[in-house]
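Remember, it's a predicted structure, so these values are computed and weren't measured experimentally. Both counts, for ligands and for their atoms, begin at 1 and track the order of listing.
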Amino acid sequence: MRITVFTIFPELIEAACRPSILGSAIEKGILSVETVDPREHTTDRHRKVDDIPFGGGAGMVMMPQPLSDALDSALAAEGERKPRVVFLTPGGRPLDQDTVRELANEESIFLVSGRYKGIDDRVVRRYATDEISIGDYVLSGGELPALVVIDAVMRLLPGALGDFASAEEDSIHSGLLEVPLFTRPREFRGDEVPEVLISGHHEKIRRWRRREALKRTLLHRPELLESADLSKEDQQVLRELKRDLDSGGTGE
Ligand code: ADE
């Protein structure tokens, strides 16, 4: 898969793409991450990419011309392929694992990272196939959100993780939150690893993990339970957990 990021800070993207699993996925050729700097498409001596907003207000707006020219030339280079053109903005629809899965099936995606107050809306209207937010908070630009998308998509590309099953097992992937994890030593500062995990009893471990995932989801993100894939056994466990929590218990 190819990802092209439009940003006036290409070094931010490039630096984050070198280390770790992302860096090795790129090295293995599983995905490529290119950057395009709209500043390279300016026509004035000062290489200006922003201007004051019509109608007044604080902050600057990214001018339409440099970014449009950058997008036009990258689109022309795509030939027949029609990449998804994703603008990162706090006003977009919230990123979730379904969207990540959808993007991971594309051959090529463009991620457009705005800076300043935002991007001239005529560019958004002309080019955006998607507008995505990574959460209800405002960052100084779309570069970190673009990296969030890249990382989440990369994890789903076959061969990117040493063990593809580990993406399948990811919490949100299955609709529930992550279970608590433990490694050695068995006792740390007087705190013991849950007995069941060292029992070697696979069925008991599976049940314990499922119950913990249900409990965490019920406590922290109950709305996820509405669309999660729940078995009869899960529903029974949830009823017990709710009863216990309602009567002042901790779900232990
Ligand atoms: N740009 C600035 N803040 C953002 C956010 N929360 N999501 C996506 N893009 C952004």
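A side-chain donor-acceptor contact under 3.5 Å links S113 to the backbone of G142. The backbone N or O of R81 lies less than 3.5 Å from no partner atom in the side chain of E78, so there is not a single donor-acceptor pair. The closest donor-acceptor contact from the side chain of D234 to the backbone of S231 lies under 3.5 Å.
V193 and P185 get closest at one heavy-atom pair: CG2-O, 4.0 Å.
For the pair P145 and ligand 1, the shortest N or O to N or O distance does not fall below 3.5 Å. At under 3.5 Å, a nitrogen or oxygen of G135, whether backbone or side chain, sits near a nitrogen or oxygen of ligand 1. Here's the thing with I132: none of its N/O atoms is less than 3.5 angstrom from an N/O atom of ligand 1.
Nearest protein heavy-atom contact of atom 6 (N) of ligand 1 is Y137 O, 2.8 Å. Protein heavy atom at the shortest distance from atom 7 (N) of ligand 1 is I134 N, 3.0 Å. At the shortest separation from atom 3 (N) of ligand 1 among protein heavy atoms lies L139 N, 3.0 Å. The single protein non-hydrogen atom nearest to atom 10 (C) of ligand 1 is P90 CD, 3.5 Å, given as residue, atom name and distance.
Contact between G92 and ligand 1 is absent, with no heavy atom of the residue lying under 4.0 Å from the ligand.
Applying the 4.5 Å side-chain rule to ILVMFWY residues, one finds I8, F9, L12, V36, V49, I52, M60, M62, L67, L71, L75, V85, F87, F110, V112, Y116, I119, V123, V124, Y127 in the same cluster as F6.
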How far apart are the C-alpha atoms of T89 and E131, what are their side-chain angles, what is the distance that settles it, and do they pass the side chain to side chain donor-acceptor pair (under 3.5 Å) test?
CA-CA 6 Å; T89 160; E131 289 178 76; 5.0 Å; no
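Under 4.0 angstrom from ligand 1, the non-hydrogen atoms of T89 all belong to its backbone.
Between the side chains of R93 and T99, at least one donor-acceptor pair of N or O atoms lies under 3.5 Å.
Close contacts between ligand 1 and G141 involve ligand atoms 1 (N), 2 (C) [criterion: under 4.0 Å to a heavy atom].
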